[in-house]
Amino acid sequence: MIRITSTFIFLLLFLSPTIKAQEAETFIIAGLFYDSQENKLLKDRMIHIEGNKITKVGHRINIPKGSKVIDLSDYTVLPGLIDSHTHVLFDQEPLEDFAEHSISTLVLESPALRTLRGVERAKSYLDVGITTIKDLGNSGEFLDVALRDAINEGSIEGPRIFAAGQIMSGQGGQIYGVRKKYQEIVEEEYRIIKGPADAINAVSEHINQGVDLIKICADNLPNNTKLTIPEMESIVKTAHRSGLTVTAHSVTNQSAWDAIKAGVDGIEHGFFIADSTLSLMADKNVFLVPTENSLHYMRTYYELQGKDPDKLSWLDRYMKDMRERLMKAIDKKVMIVAGSDNYTDIQVPRGVSSRDMFKAYYESGMKPLNILQSATYLAAKSFNKENEIGSLSPESYADIIAINGDLQNDFLNSIEDVVFVMKDGKIYFDNSIE
Ligand SMILES: [Zn+2]
């Protein structure tokens, strides 16, 4: 026990402002600073952080004595990166069939075990500088919402999660081939929509369960069922009324066209999207999340399946088609949002696997800064969160990373050389001082 003496009180009075400053105020000195809104790299910027928010960004900010200063003057400082298409509660081996694996997950894996297995996957995003993920379903009955809440309350470490809950879809969801008798199992993973009135109920249920956005399947291929245009319109109207955005999984051109006509905010994949549909997207400000992979990823995936990638006659053609589709979308000024959709176990942590999207976009001809903007400001804007995440601006959360190397001239190496990660004002790791 401490006997309170006058000296002690004096010390307490003298030290307390300093202690407070150390706890609450942090200053980051950035070598290069990525302005994600303007899509520019700026020199000599400082960031003032109080608690979990950025309060000020400027050339020269007065640093009060005793404040914490993080010197990142040798690095490029960016907003934490965003992967806008993840499935942290789903994992599949390269040889497994999606439908069979989905059923076995639902039948043989308890929701508790499934969620716990997702914890490590979620955390691995922070290791690569991805501080926010949009988790788009295949997460059982709102297990993504549970994971988000556990992270937000500090019970576990992980990125910011924006959760979609169950994917809304036509009969059978994406789990093809399930006998009628067992369709109830599918309904744990997908919210099957039975008409426009039911679509309103579905969105209400999701809002009640605390989702952050709505994900729909505009088509269910290879399951040949899909949502109707009136069902999608119902979903969009109800979601928008509550301030939620709607994004649509779409493989075929027709389903993308229908979803856009129904008013969705974004299209995921859009593998076979026609030029006219891209033009419609640009007109209506509908974003595209291209989820293709790099050539290296594709080769690894097929090698793990026991195939010789050199003998895959279609692979070059596929890569070329995807490149052309992305370049056309960019030419037509469609908003591109970065999303990986990587859920196959290619024997690296999930965050590392997801980072492959940067390589894929780069190989497709996207410029480094445009890729960064798609993974920061545009990703945030795509679901109305640009005032909270995706940029280093006052009032944004202090989700800040630093990268070693030259992002513009050596993009692929530097994007993988993350030396500092802060999320919500807390340092997750700092390797900036060797
Ligand atoms: Zn997906």
Side-chain angles (χ1 to χ4, degrees), residues 82-89 132-153 159-170 173 187-218 226-250 255-256 258-268 281 284-289 335 337 339 377-390 395-397:
I82 302 168
D83 183 345
S84 291
H85 191 131
T86 70
H87 300 284
V88 281
L89 290 147
T132 295
I133 59 174
K134 234 182 183 179
D135 204 59
L136 299 185
N138 301 100
S139 48
E141 286 188 317
F142 303 101
L143 304 182
D144 48 354
V145 172
L147 195 59
R148 175 200 69 193
D149 291 349
I151 290 170
N152 287 350
E153 72 189 18
R160 255 173 234 290
I161 295 183
F162 290 92
Q166 291 164 314
I167 301 169
M168 297 189 185
S169 73
E187 289 179 30
E188 279 189 42
E189 194 82 339
Y190 292 83
R191 176 59 170 84
I192 306 302
I193 304 298
K194 293 172 176 160
D198 186 41
I200 297 172
N201 291 336
V203 176
S204 299
E205 285 164 17
H206 272 50
I207 292 168
N208 187 42
Q209 293 303 313
V211 303
D212 301 294
L213 65 140
I214 302 290
K215 159 91 176 289
I216 66 171
C217 269
K226 57 181 179 181
L227 291 169
T228 64
I229 296 178
E231 284 169 341
M232 290 192 279
E233 281 172 344
S234 239
I235 291 170
V236 169
K237 257 190 221 152
T238 316
H240 283 180
R241 219 175 282 140
S242 293
L244 300 188
T245 56
V246 180
T247 196
H249 161 104
S250 174
S255 74
D258 292 348
I260 297 159
K261 285 285 183 189
V264 298
D265 302 281
I267 295 289
E268 310 290 319
M281 288 175 77
K284 288 180 164 273
N285 286 322
V286 175
F287 63 84
L288 175 67
V289 180
M335 179 163 130
V337 173
Y377 180 70
L378 296 179
K381 199 171 154 58
S382 76
F383 65 125
N384 305 326
K385 300 288 177 205
E386 69 271 27
N387 295 327
E388 295 174 28
I389 53 169
E395 293 306 309
S396 284
Y397 289 117

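Counting from 1, the numbers follow the sequence of the chain as shown.
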So, using salt bridge (charged side-chain N to carboxylate O under 4.0 Å, His left out) as the criterion, who are the partners of K284 when residues are at least two apart? none

Side-chain H-bond candidate by donor/acceptor type, T245 with D265, under 3.5 Å: no

Between CD1 of I207 and CG of L244, what distance do you get to the nearest 0.5 Å? 5.0 Å

Looking only at non-hydrogen atoms, find the nearest pair between L378 and V337 and report the distance. O-CG2, 3.9 Å

Do F383 and I389 come within less than 4.5 Å of each other through their side chains, counting heavy atoms only? yes

Mind checking what makes side chain to side chain donor-acceptor pair (under 3.5 Å) contact with E395, not counting sequence neighbours? none

Say you draw a straight line from CG of L136 to CD1 of I214; how long is it, rounded to the nearest 0.5 Å? 11.0 Å

Report yes if some heavy atom in the side chain of M281 is under 4.5 Å from a heavy atom in the side chain of I267; otherwise report no. yes

Do H249 and I167 have side chains that approach each other closer than 4.5 Å (heavy atoms only, starting at C-beta)? no

Kindly compute the distance separating CD1 (I229) from OG (S234), expressed to the nearest 0.5 Å. 13.0 Å

Return the CD to CD1 distance between E268 and I216, rounded to the nearest 0.5 Å. 10.5 Å

Partners meeting side chain to side chain donor-acceptor pair (under 3.5 Å) with S255 (sequence neighbours left out): D219, S250, T252

Specify the closest pair of heavy atoms between D83 and G339, including all atoms of both residues, with the distance to one decimal. OD1-CA, 3.3 Å

How far apart are the closest heavy atoms of E386 and Y377, and which atoms are they? CB-CE1, 3.8 Å

Kindly write out the residues that satisfy side chain to side chain donor-acceptor pair (under 3.5 Å) with R148, not counting sequence neighbours, or none if the list is empty. D212

Side chains of N138 and E189, heavy atoms from C-beta outward: is any pair under 4.5 Å? yes

Any idea which heavy atoms bring A164 and V211 closest together, and the distance? O-CG1, 3.6 Å

Check against side chain to side chain contact (heavy atoms under 4.5 Å, CB included), T132 and K385: CA-CA 11 Å; T132 295; K385 300 288 177 205; over 6 Å; no

Determine the minimum heavy-atom distance between G170 and I192, stating which atoms define it. O-CD1, 3.5 Å

Over all atoms of both residues, closest heavy-atom pair of A380 and I82: N-CD1, 4.0 Å

Please check if the side chain of H87 supplies one atom and the backbone of S139 the other of a donor-acceptor pair under 3.5 Å. no

Taking the side chain as every heavy atom from C-beta outward, state whether M232 and V246 have any atom pair closer than 4.5 Å. no

Minimum side-chain heavy-atom gap N201-T238 below 4.5 Å: no

If you measure only the distance, is there a donor-acceptor pair under 3.5 Å linking the side chains of K134 and S382? yes

Mind checking whether N387 and S396 have side chains closer than 4.5 Å, heavy atoms only? no

For residues H85 and K215, determine if any side-chain heavy atom of one lies less than 4.5 Å from a side-chain heavy atom of the other. yes

Holding to salt bridge (charged side-chain N to carboxylate O under 4.0 Å, His left out), I want the full list of residues that pass it with E205, two or more places apart in sequence or in another chain. R191

State the CD1-CD1 distance between I151 and I161, to the nearest 0.5 angstrom. 3.5 Å

Can you name the side chain to side chain donor-acceptor pair (under 3.5 Å) partners of Q166, sequence neighbours left out? none

Taking E231 for its side chain and G195 for its backbone only, find out whether a donor-acceptor pair lies under 3.5 Å. yes

d(L227 CG, M168 CE) to nearest 0.5 Å is 9.5 Å

